Amino acid sequence: MLDLKFIRENPEKVKEAVKNKNEKADIDEILRLDKERRSLLQQTEELKAERNKVSQEIGRLKKAGENADEIIARMKEVSDKVKELDEQVRNVTEELNNLLAWVPNIPHESVPVGKDENDNIEVRRWLPEGFEFEKKDFVKDHLELGKKLKILDFERGAKISGSGFAVYVGKGATLERALINFMLNYHIEKHGYTEIFPPFLVNRESMYATGQIPKLEEDMYHANKDDLFPIPTAEVPVTNLHRNEVLSEDDLPKKYVAYSACFRREAGSYGKESKGFLRVHQFNKVEMVKLVKPESSYDELEKITSDAEDILKALNIPYRVILLCTGDLSFSAAKCYDIETWSPAEEKWLEASSCSNFEDFQARRGNIKFRNKETKKLQFVHTLNGSGLATSRLMVSLLENNQTPDGKIIVPEPLRKYTGFDVIEP
RNA sequence: GGAGAGGUGGCAGAGUGGUUGAAUGCGGCGGUCUUGAAAACCGUUGAGGUGUUACAGCCUCCGGGGGUUCGAAUCCCUCCCUCUCCGCCA
C-alpha cells in the first residue's frame with residue numbers, strides 16, 4: 001500500500017507508475033474520496049469536540065446536584081448528527097481503502113520503463129566452464145528423462161490430483177529432497193539466514209499484507225470453510241511473522257530462509273509453457289526473506305540476488321540475471337531481478353528465481369515497523385524476498401544439464417552427501 | 001467437539017459509566033553521582049489522523065465490528081484470538 005499522503009502530494013507520479021505497470025487503479029477517484037473524507041472528518045470532529053466539552057460540563061453539574069436536562073437534550077441532537085456523519089465517514093473510508101488496495105507499488109528509478117518481458121534487461125550471465133549453447137544430439141527433455149529413469153510421474157500425478165501435479169519417485173524424490181536440504185543449509189551456513197518452517201495455510205490478513213490479495217485472489221487456492229489460503233510462496237507466512245510488530249533497530253536486518261511447498265491455481269495459463277515442470281500447481285521452494293532498514297534495502301537486494309546465484313554456481317548450472325521492466329514487475333515490487341536457468345532441451349531460459357525489493361509497500365500493509373534510534377520515530381521496515389530457489393524449474397535444468405549420452409544423470413558433487421548416490425541410471 | 005478463564009501502552013499489570021490516554025512496576029531515553037561502569041537518585045517516555053510554514057489546537061484508539069448513553073476501557077450484542085481442563089486424532 002502506498003501512503004495516502006504521498007498519493008495526495010504526488011498524484012502524477014502515482015498515475016505514471018500505474019500506467020507503466022499496466023495497472024488500472026483510479027487515482028482521481030481516490031483523490032476525490034480522500035478530499036470528501038477529510039471534509040466530513042472536519043465536520044464530525046468539530047461536533048465531537050463540542051460534545052466532549054459539554055459532556056464534561058454535564059458531569060460537573062450532576063455532581064453539584066444541579067439540573068442539566070436542557071443541555072442533555074441539546075447534546076442528544078449533536079450526538080445524533082455525529083452518528084450520521086460517522087456513518088458517512090465509515091462508508092467513504094471503506095470505499096477509499098478498497099480502491100487503495102489496488103494501487104501498485106511505484107517502480108524504483110533504476111527500473112527500465114517497458115511494456116512486457118521483451119523490455120527486460122539482461123544484466124549478467126554465468127556459464128560453467130566449457131559450456132556450449134549448441135544442442136547436442138543426445139539431449140532429452142526432462143519429461144523423457146523422468147520417464148525413462150522412472151523418477152518423475154506426471155500421469156499418475158494427474159490421476160490422483162489433476163493436470164499440473166507431479167509425483168517424484170525413488171531417486172527423483174531423493175534428489176528433490178537433497179536439493180531442498182542443500183539449499184537450506186547453504187543459506188544458513190554460508191549466508192547467515194535463520195531457518196523458518198512456517199505454516200502452509202495462512203489467513204486473509206497475511207495474504208493482504210504481502211499483496212496477493214486482492215489483485216491475485218483468483219490465482220490462489222482457498223479453503224472456504226476456514227477462510228485459509230494454501231501459500232503460493234513462503235514469502236507470505238515469513239514476511240507476516242512480524243506483522244503488527246515494532247522491531248528494534250538492533251534486530252535489523254532480519255534474514256530468514258524457509259522451505260515450503262507452494263500452491264498456485266495458475267488460472268488461465270496453459271499452452272506451450274505448461275508442459276511437465278514448467279508450470280505446476282504445487283512445487284517446492286526455498287525462499288529467502290529479509291526485513292531491513294530503508295537505507296540499505298537496495299544493497300540488500302543485490303545481496304539476496306547473489307545469494308540465490310551462489311546456489312547455481314555451486315551446482316554448476318548456467319544462468320542469467322534479468323532486470324524486470326516496469327510492465328513485467330509484480331504488483332507489490334519496486335524492483336526485481338529474475339534468475340533464469342538454461343534448459344538445453346527447450347533451448348531457452350527458465351525462470352527459477354525472483355528477487356524483489358518491496359520497499360515499505362508490504363510493511364505498510366502489514367504494519368511492520370522499527371524504532372529509528374536516531375530520530376526515535378517509528379518507521380516502516382523495507383521487505384525483500386528471493387527464491388533461493390524453486391526446485392521445479394531448477395530440476396529441469398539440473399536433469400537436462402547433467403545427462404550423459406547414454407541416458408544417465410550425474411548428480412552434482414555438492415548434492416551427493418544429501419542423496420547418498422552419485423548417478424541416476426535406468 | 002464440550003466446559004471454563006482471559007485479551008489494556010515496548011513488556012508486566014491496575015482500573016467496572018463523568019478531568020483515565022489510562023495508576024504502578026520493568027524497559028527505553030536524558031541527567032546527577034563516578035576515572036569508567038554498575039547501583040542509587042531526579043526527570044522524561046504510546047500510536048494514528050486532522051491541522052499548521054512550524055508550533056498550538058482538535059479528533060480517534062484499551063482484541064475486531066456494531067449498539068446503549070449527553071458521556072464507554074468500564075454496560076449490551078456479535079465475531080476473532082490466546083490459555084486451562086475433558087474428548088477425539090496424525
Side-chain angles (χ1 to χ4, degrees), chain A residues 1-9 30-98 100-101 197-209 213 222-229 237 240-252 254 261 291 293 360 363-381:
Chain A
M1 177 148 65
L2 293 181
D3 185 4
L4 185 54
K5 221 179 234 169
F6 180 87
I7 299 178
R8 196 184 296 149
E9 285 160 11
I30 287 173
L31 292 173
R32 188 189 71 75
L33 286 168
D34 173 48
K35 208 167 171 186
E36 188 182 338
R37 177 171 171 274
R38 282 187 296 153
S39 150
L40 284 169
L41 227 40
Q42 226 161 358
Q43 296 176 53
T44 16
E45 287 183 2
E46 227 166 89
L47 289 177
K48 280 180 182 174
E50 186 189 348
R51 186 182 69 183
N52 289 345
K53 222 172 178 177
V54 178
S55 286
Q56 266 182 25
E57 178 62 25
I58 292 171
R60 263 192 293 274
L61 286 175
K62 288 216 160 180
K63 222 172 228 171
E66 290 178 40
N67 186 299
D69 292 352
E70 203 175 306
I71 318 181
I72 288 177
R74 207 180 81 229
M75 277 307 103
K76 170 106 183 118
E77 271 172 53
V78 172
S79 205
D80 286 345
K81 181 76 187 161
V82 165
K83 227 166 257 178
E84 209 181 300
L85 284 167
D86 267 347
E87 171 81 21
Q88 285 181 51
V89 170
R90 210 179 302 151
N91 291 340
V92 172
T93 304
E94 194 188 333
E95 215 177 320
L96 183 61
N97 285 338
N98 285 342
L100 227 38
F197 201 128
F200 291 0
L201 295 177
V202 297
N203 58 28
R204 188 168 281 278
E205 294 75 45
S206 296
M207 291 291 269
Y208 173 81
I213 280 179
H222 184 221
N224 227 344
K225 261 187 181 169
D226 300 295
D227 200 20
L228 291 172
F229 297 83
N240 274 282
L241 280 175
H242 298 292
R243 176 153 52 83
N244 288 327
E245 285 186 20
V246 176
L247 301 168
S248 153
E249 184 173 333
D250 295 333
D251 290 340
L252 301 178
K254 291 263 186 204
L291 309 184
K293 287 192 263 180
D360 62 7
R364 182 171 283 109
R365 287 185 159 219
N367 189 29
I368 311 171
K369 294 177 174 169
F370 74 100
R371 169 106 33 208
N372 186 313
K373 274 187 158 175
E374 221 171 288
T375 64
K376 307 212 162 66
K377 294 268 180 203
L378 291 180
Q379 222 177 321
F380 290 112
V381 300

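Below, chains carry the letters A, B, ... as their sequence lines are ordered, and counting in each starts from 1. Keep in mind that what you see is a predicted model, and the values were worked out from it rather than measured. Below, all heavy atoms of this structure are taken into account, side chains as well, without hydrogens, waters or symmetry copies.
Separating the C1' atom of B:C29 from that of B:G65 is a span of 37 Å, rounded to the nearest Å. For the C1' atom pair drawn from B:C62 and B:A12, the interatomic distance equals 15 Å after rounding to whole Å. Comparing B:A23 with B:G15, their P atoms are spaced 14 Å from each other, to the whole Å. Comparing the P positions of B:A40 and B:G49 gives an interatomic distance of 38 Å, to the nearest angstrom.
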Exercise. Could you go through the salt bridge (charged side-chain N to carboxylate O under 4.0 Å, His left out) check for A:R60 and A:E57 one step at a time?
Key: CA-CA 5 Å; A:R60 263 192 293 274; A:E57 178 62 25; 3.4 Å; yes
Exercise. With side-chain contact (heavy atoms from CB on, under 4.5 Å) as the test, would you mind laying out the steps for A:L291 and A:L247 before giving the verdict?
Key: CA-CA 10 Å; A:L291 309 184; A:L247 301 168; 4.0 Å; yes
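Note on A:K53: every side-chain N or O is 4.0 Å or more away from OP1 and OP2 of B:U19. The phosphate of B:G51 (OP1 or OP2) has a side-chain N or O of A:R38 nearer than 4.0 angstrom. In terms of phosphate contacts, A:S79 brings no side-chain nitrogen or oxygen within less than 4.0 Å of OP1 or OP2 of B:U69. Taking 4.0 angstrom as the limit, A:N52 places none of its side-chain polar atoms (N or O) nearer than this to OP1 or OP2 of B:G18. Regarding contacts with the backbone of B:G71, every side-chain N or O of A:R60 stays at 4.0 angstrom or more from both OP1 and OP2.
Among the atoms of the strands shown, only primed sugar atoms or phosphate atoms (P, OP1, OP2) are found under 4.0 Å from some heavy atom of A:R8. Nucleic acid contact class of A:K5 (heavy atoms, under 4.0 Å, all strands): sugar-phosphate only. Among the heavy atoms of the strands, none lies under 4.0 Å from A:I71.
A donor N or O paired with an acceptor N or O is not found under 3.5 Å between the base of B:G51 and the side-chain atoms of A:Q42.
When distances run from any side-chain atom of A:K369 to the nucleotides B:C58, B:U68, B:G48, the shortest one goes to B:G48. The side chain of A:K76 lies closest to B:U69 when the candidates are B:G71, B:U69, B:C58. Side chain of A:R90, nearest nucleotide from B:C59, B:G18, B:G66: B:G66. In the set B:C70, B:A47, B:U50, B:C70 carries the atom at the smallest distance from any side-chain atom of A:S55.
Protein atom CZ of A:R204 is 14 Å distant from nucleotide atom P of B:C81, rounded to whole Å.
With respect to A:E36 and A:R32, a salt bridge is recorded, a charged nitrogen being found less than 4.0 Å from a carboxylate O. Comment: A:K53 does not engage A:E50 in a salt bridge, judged by the lack of any side-chain N to carboxylate O separation of less than 4.0 angstrom.
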Quiz prompt | Dot-bracket summary - RNA chain B, pairs being Watson-Crick or G-U whose distances fall under 3.5 Å, with | when paired to another strand | solution = ((((((((.[[[..)..(.....]]]((((((.......))))))(((((......))))).[[[[[..)....]]]]])))))))....
